[in-house]
Amino acid sequence: MNGLPITEGDLQAWVDGRLPSGRRAEIDAWLADRPEEAARLAAYREHSAQLRALYAPVLKEPLPPGLAAAGRPRRALYLRAAVAVALFALGAGLGWQLHVSVGARAPAQEAVPRIVRNAVIAHATYSPEVRHPVEVGADQEQHLVAWLSKRLGANVRAPNLESVGYSLIGGRLLPGEPGPTAQFMYQGKPGTRVTLYLRTDATDNRETAFRYAQEGNVRVFYWVDRKLGYALSSSDIGKEDLLKIANATYAQLNP
């Protein structure tokens, strides 16, 4: 490493793919020791790729046939320049969002329980996935629950949420502090998704009652039951709908 501190500008450049190979390797090594930051930045990179995939094809669209032949080259140049500016603006917007997240969030970070921050990061990272939303599917639920219980060192259960319109997709093991954490993912008929984040050693969160929090567009209901902490998250549905699912989840996990 060259000894230079890693700044929010470096992280923004990493998301945008604008770092020299040497500096990129340093950021990769830095993120390898910080799984929470790695997951959050991966979510920003995924969002950036989705925006570019949505708007970049405009550059390849043919011009309307009614354009005069003499004006076509200039109009084509203007069109492509306009789209390029739009894509740049999208990238800048993501960069500013990252800037605010890394910079302005830091002073107030202690006010947000760690379980909420981690649940939001995990939800934002994996809930948009289409082909690989989970590590182990619901068709292997028994194996999934046994595996996660062993890794977390606690009796883990995947609640049945069919009564509130949500079916288990599956789950995954996640890195955490001080040990592994887990996530179950559910999907409703309209294609909405909710995730249930679980962690052990939840002593940093003294709020044992049902609590609500929101970061960005991700809403979270969370609670602690002895050794296990739970956080139910969604960015697809409102607070009242999420509360119904949270109540159904809580009733099964905290009889």
Side-chain angles (χ1 to χ4, degrees), residues 11 15 34-51 90 93-130 132-135 158-159 161 164-166 168-172 174-177 181-188 190-199 202 204-205 207 209-224 228-250 253:
L11 298 179
V15 170
R34 296 165 177 82
E36 294 179 7
E37 286 295 298
R40 183 173 60 83
L41 296 184
Y44 280 115
R45 177 172 280 183
E46 175 66 20
H47 293 165
S48 177
Q50 290 174 356
L51 287 171
L90 287 169
L94 277 174
W96 177 248
Q97 185 180 12
L98 177 60
H99 170 87
V100 172
S101 177
V102 174
R105 185 185 67 169
Q109 194 169 17
E110 291 304 318
V112 180
R114 184 187 302 174
I115 189 172
V116 172
R117 294 198 306 269
N118 293 355
V120 168
I121 291 169
H123 181 85
T125 301
Y126 297 110
S127 65
E129 286 286 337
V130 177
H132 305 289
V134 297
E135 192 172 2
L161 302 180
V164 286
Y166 279 79
L168 179 67
I169 300 175
R172 64 173 64 245
L174 296 171
E177 297 178 7
T181 62
Q183 181 191 68
F184 291 115
M185 187 179 296
Y186 297 80
Q187 183 163 300
T192 57
R193 286 179 172 175
V194 299
T195 56
L196 179 64
Y197 179 88
L198 303 87
R199 58 163 294 190
D204 69 309
N205 179 10
E207 301 290 346
F210 219 22
R211 291 290 184 265
Y212 174 78
Q214 181 171 344
E215 288 213 321
N217 67 335
V218 181
R219 299 168 183 85
V220 184
F221 279 99
Y222 62 101
W223 66 97
V224 173
L228 279 173
Y230 301 93
L232 187 77
S233 309
S234 183
S235 56
D236 298 328
I237 58 178
K239 180 179 178 181
E240 294 304 316
D241 289 333
L242 184 62
L243 177 59
K244 295 177 184 177
I245 302 170
N247 280 326
T249 304
Y250 186 91
L253 296 176

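Side chains are part of it too, since the values below use all heavy atoms of this structure and drop only hydrogens, waters and symmetry mates.
Partners of A158 by side chain to side chain contact (heavy atoms under 4.5 Å, CB included), not counting sequence neighbours, listed by chain and number: E141, V145, L168, F184, Y186. Residues satisfying the side chain to side chain contact (heavy atoms under 4.5 Å, CB included) criterion with V218, sequence neighbours excluded, are V120, H123, V220, S233, S235. For R172, there are no side chain to side chain donor-acceptor pair (under 3.5 Å) partners at least two apart in sequence or on another chain. Applying the side chain to side chain donor-acceptor pair (under 3.5 Å) criterion to Y126, with sequence neighbours excluded, gives no partner residue. Remark: S234 engages no residue in a side chain to side chain donor-acceptor pair (under 3.5 Å) (not counting sequence neighbours). Taking T181 as the reference, Y197 meet the side chain to side chain donor-acceptor pair (under 3.5 Å) condition, with sequence neighbours excluded.
Of the inter-residue distances, the one linking E215 atom CD with I121 atom CD1 reads 8.0 Å to the nearest 0.5 angstrom. In this structure, the separation between CZ on F221 and CG on N247 is 8.0 Å, given to the nearest 0.5 Å. Taking CG of L253 as the reference point, atom CG of L232 lies at 10.0 Å (rounded to 0.5 Å). Of the inter-residue distances, the one linking L161 atom CG with K244 atom NZ reads 14.0 Å to the nearest 0.5 angstrom. A distance of 13.5 Å separates CD1 in I115 from CZ in R211, rounded to the nearest 0.5 Å.
Although no hydrogens or angles enter the test, the distance criterion places a donor-acceptor pair under 3.5 Å between the side chain of Q214 and the main chain of G216.
Between W223 and Y250, the ring planes are perpendicular. Angles over 60° get that label, and only those under 30° would be called parallel.
With contacts defined as side-chain heavy-atom distances shorter than 4.5 Å, the pair Q187/P133 does not qualify. Within the 4.5 Å cutoff, the side chain of R114 has heavy atoms near those of the R199 side chain. Contact annotation: the side chain of I245 approaches that of I237 to within less than 4.5 Å [non-hydrogen atoms, C-beta and beyond].
Heavy-atom minimum distance, M185 versus V134: CB-CG1, 4.0 Å. Taking each heavy atom of Y222 and P113 in turn, the nearest pair found is OH-CG, 3.6 Å.
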- Task: Go through the steps to decide whether V194 and Y166 satisfy the test side chain to side chain contact (heavy atoms under 4.5 Å, CB included), and finish with yes or no.
- Result: CA-CA 8 Å; V194 299; Y166 279 79; 4.0 Å; yes
